[in-house]
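Report on the structure given below.
Note that ligands are numbered from 1 as they come in the structure, with each ligand's atoms numbered from 1 the same way.
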Amino acid sequence: MKKPLIIVTNDDGIAAPGIRALVETAQNLGEVIVVAPDKPQSGQGHAITITRPLRIHPVDIFEGIEAYECSGTPVDCVKFAKYFLLKDRKIDLCVSGINHGTNAAINILYSGTMSAAMEASLEGINSIGFSLEDYSWEADFEAARFFALKLMEHVLENGLADCKLLNVNIPKLPLEQIRGIKLCRQAECNYSEEFVQGVDPHGQKYYWLAGELQNNGAAEGTDIWALQNGYVSIVPSTHDLTSYRGLTALQGLEKIL
Ligand code: MN
């Protein structure tokens, strides 16, 4: 049987330990092509680069793996893989991450990791974004590798039904302390933002966004609840931002004129 073709990307940059963990895991399951940003792109969401050219270079940093670093965003990386590098080939799976830090709850809106996976899902490719609840560059990816392997294997074999995108978050716990997997909905929460002020070495003022997610009392069944209770959270996600409740509840809007 032909090996599945898996594209790997992230938003922390091609040098991040998290993408290395994901590449080494995906390598066990198929042919891997890596296209990832050449620098950290966290928080870039679904941004694309259209006002300047992209620079993309092959890099030899994962043994035996075709890999490219890209000057653009995570979504640029996926578009380049799909429409340039692999334009004549069927891509079986796109995985993004493993992100340093969770992308539970509304973080999916800001996350380059999840936007890259979402972009692939828009192309009909089964996609999974993986994030570990640990921002450290020295984070232990052992548990994340374990769950990433199991989930990629499962999705390659069974697909994802009508859903094309999973947002997977792994708690910061040793593998043996993780209680299992919970299929979740996205938690409701918001950021309480703070702008830290300072003066740069050139005497110019700067402002640095330093928000904190307000997640007190996350309801059972949400991704934040799952992480707080020692589970890997999986939220089946979609790009369709239509409010179906609104579509029903706001019927009257058609009659105001
Ligand atoms: Mn990131």
Does CG belonging to Leu253 count more than 12 external heavy atoms closer than 6.0 Å?
-> yes
Any N/O/S atom, backbone or side chain, of Asn103 lying under 2.8 Å from the Mn ion (ligand 1)?
-> no
With the Mn ion (ligand 1) as the apex, the OG/OD1 angle for Ser42 and Asp12 - to 10° | 80°
Kindly indicate whether a cation-pi arrangement holds for Lys82 with Phe80, taking the cut-offs as under 6.0 Å to the six-membered ring centre and within 45° of the axis.
-> no
Do Phe141 and His100 have ring centroids that are under 6.0 Å from one another?
-> yes
Of all the N, O or S atoms in Asp11, which one sits nearest to the Mn ion (ligand 1)?
-> OD1
Decide, counting backbone as well as side-chain atoms, whether Asn10 has an N, O or S atom less than 2.8 Å from the Mn ion (ligand 1).
-> no
For the pair Tyr191 and Tyr110, name the ring-plane relationship: parallel under 30°, tilted 30 to 60°, perpendicular over 60°.
-> perpendicular
